[in-house]
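Beneath this line is the structure, given in structure tokens, with notes to follow.
The sequence lines fix the lettering, A, B, ..., with proteins before strands; numbering per chain opens at 1. What you see is a predicted model, and the numbers here were worked out from it, not measured in a lab.
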There are 2 protein chains.
Amino acid sequence: MPRKPSYDRDALIAQARDIFWRHGWAGTSLKDLERELKLKPGSFYAAFGSKDTLYALALERYAQDGVASMGTLAEELGPLGALKAQPRRVIEASELPTKACMLAKTFAELQAKDHDLAAQARSHMVSMKTCFADLFRRAQDAGEIAPDHDPDRLASRYQSDLLGLRLSAERDDVNATEIAEDIAADLDRL
Amino acid sequence: MPRKPSYDRDALIAQARDIFWRHGWAGTSLKDLERELKLKPGSFYAAFGSKDTLYALALERYAQDGVASMGTLAEELGPLGALKAQPRRVIEASELPTKACMLAKTFAELQAKDHDLAAQARSHMVSMKTCFADLFRRAQDAGEIAPDHDPDRLASRYQSDLLGLRLSAERDDVNATEIAEDIAADLDRL
DNA sequence: GGGTTTCTTGAGCGATCGCTCAAGTATATA
DNA sequence: TATATACTTGAGCGATCGCTCAAGAAACCC
């Protein structure tokens with residue numbers, strides 16, 4: 001007897017992710033979301049409960065896609081190939097709402113407030129770091145990089161460099177492609 | 001016949017800088033500022049005109065101090081020494097309100113809105129990059145690094161790495177000291 | 001001390017924030 | 001087709017936002 005919702009919940013989450021990603025947590029008002037998602041306040045709260053709940057869903061989606069796409073890349077190019085390709089790939093993707101990492105932006109914005117979403121963003125960054133560490137480990141096992149390196153340490157540095165690169169890629173006074181190439185070149189010297 | 005203000009304007013700007021630095025633009029309300037600076041709304045607007053004006057002054061102060069402290073460091077340790085020391089120094093400074101760079105946080109938060117303050121933050125980042133490039137150039141002239149590098153490109157990469165490092169330093173799941181050491185070690189291989 | 005000028009104070013403005021809920025509407029089942 | 005069961009709508013809640021301004025207090029010059 002019920003009536004089905006007229007919206008695609010997954011699509012709305014993806015759309016919200018892009019808006020939050022671009023404008024941040026405080027920078028995105030419910031009015032913005034309601035306008036873009038074409039939802040009235042009532043439907044919005046029936047569907048998601050609160051702005052923060054939707055943000056958490058958006059973060060989760062973002063993180064899942066990130067890990068998944070590194071996995072796909074590794075299947076195509078192998079572990080070291082994927083790590084070397086990722087910097088260029090992430091700054092050249094023109095369909096992204098913004099170059100900078102959503103997890104990093106969220107963490108930077110909300111960490112000082114001890115907001116739950118900052119902790120969630122950090123936890124997703126840990127997953128991403130683990131993903132990188134696995135790739136470094138596999139590259140080491142394959143003999144693509146020297147065995148006298150700690151994969152976790154390499155992953156931390158790599159992730160840190162990527163965060164910096166992706167923020168730099170939003171600046172029009174910086175040649176992000178050169179930085180991406182230099183990061184990739186460093187991996188060949190390991 | 002006039003009456004002097006009872007506050008130290010420069011000290012208030014420094015205090016506001018620390019609050020904005022830590023909590024961001026949207027994350028800092030006038031109530032927060034009025035409470036911390038011990039100013040009533042009327043005095044606040046007599047002294048600074050608007051929240052954004054004060055933010056701009058805080059940004060400017062931040063950037064000036066940044067360039068100045070790199071200069072001091074270079075006098076002590078030489079150009080390459082300063083560049084190598086900076087990563088560790090910036091993440092070990094316990095008196096800072098937060099490890100991440102205020103220019104980067106501002107830029108990341110406000111760039112999507114095309115806010116004036118984002119443009120100002122970017123312009124300050126250019127100054128900082130120029131400062132790094134000068135040091136790389138001097139290090140090259142002194143024979144401390146090989147002459148076949150573009151100092152501007154080195155500076156862009158270095159600044160990008162520093163931004164990433166400083167954001168990573170706020171995560172308790174990352175050993176920022178190791179990253180800082182690795183960044184410094186890379187400079188020795190140039 | 002009187003007069004002038006500035007600074008200080010705080011109530012409160014209009015706008016916007018995230019969010020609620022009662023009324024109306026559409027759909028699936030019986 | 002009748003009824004039950006959602007979903008949709010939008011006015012508007014209390015709180016907070018950045019900010020204004022008129023009144024009072026304090027410091028300076030004569």
For a quick test of your reading: what N or O donor-acceptor pairs under 3.5 Å do the side chains of residues 78-90 of chain A make, sequence neighbours left out?
residue: Lys84(A); atom: NZ; partner: Asp188(A); partner atom: OD1; Å: 3.0
residue: Lys84(A); atom: NZ; partner: Asp188(A); partner atom: OD2; Å: 2.9
residue: Gln86(A); atom: OE1; partner: Arg89(A); partner atom: NE; Å: 3.2
residue: Gln86(A); atom: OE1; partner: Arg89(A); partner atom: NH2; Å: 3.1
residue: Arg88(A); atom: NE; partner: Glu92(A); partner atom: OE2; Å: 3.0
residue: Arg88(A); atom: NH1; partner: Glu181(A); partner atom: OE2; Å: 3.1
residue: Arg88(A); atom: NH2; partner: Glu92(A); partner atom: OE2; Å: 2.5
residue: Arg89(A); atom: NH2; partner: Ser69(A); partner atom: OG; Å: 3.0

For the pair Arg61(B) and Asp65(B), find out whether any cationic side-chain nitrogen is under 4.0 Å from an anionic carboxylate oxygen.
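Looking at Asp65(B) together with Arg61(B), the answer is no, because their closest N to O distance does not fall below 4.0 Å.
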Given the ring of Trp25(A), does Lys105(A) sit roughly above its face, with NZ or CZ under 6.0 Å from the centre of the six-membered ring and within 45° of the axis?
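Not flagged: Lys105(A) not positioned over aromatic ring of Trp25(A).
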Considering only residues two or more places apart or on different chains, which pairs with a residue in residues 112-127 of chain A satisfy side chain to side chain donor-acceptor pair (under 3.5 Å)?
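Matches after skipping sequence neighbours: Asp52(A)-His115(A).
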Any ring pair (Phe, Tyr, Trp, His ring centres under 6.0 Å) pairs touching residues 164-186 of chain A, not counting sequence neighbours?
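Qualifying pairs, neighbours excluded: none.
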Within the pair Lys40(B) and dT8(C), is there a side-chain N or O less than 4.0 Å away from OP1 or OP2?
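No, outside the criterion.
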Which residues satisfy the ring pair (Phe, Tyr, Trp, His ring centres under 6.0 Å) test with Phe136(A), sequence neighbours excluded?
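Here the qualifying residues are Tyr158(A).
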Arg22(A) backbone acceptor or donor facing Thr98(A) side chain under 3.5 Å
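Here the side-chain-to-backbone pair does not exist.
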Any donor-acceptor pair under 3.5 Å from Ser168(A) side chain to Ala176(A) backbone:
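No, Ser168(A) side chain to Ala176(A) backbone: no donor-acceptor pair under 3.5 Å.
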Name every residue in residues 107-116 of chain B that has at least one heavy atom under 4.0 Å from any atom of DNA chain D, in order of residue number, or write none if there are no such residues.
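None, since no heavy atom is under 4.0 Å.
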Base, sugar-phosphate, or nothing for Tyr7(B), non-hydrogen atoms under 4.0 angstrom?
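Sugar-phosphate contact only - Tyr7(B) comes under 4.0 Å of backbone atoms but never of a base.
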What is the per-nucleotide protein-contact pattern of nucleotides 17-22 of chain C, from the 5' end, where B denotes a base atom under 4.0 Å from a protein heavy atom, S denotes such proximity for sugar-phosphate atoms only, and - denotes neither?
SBBBB-
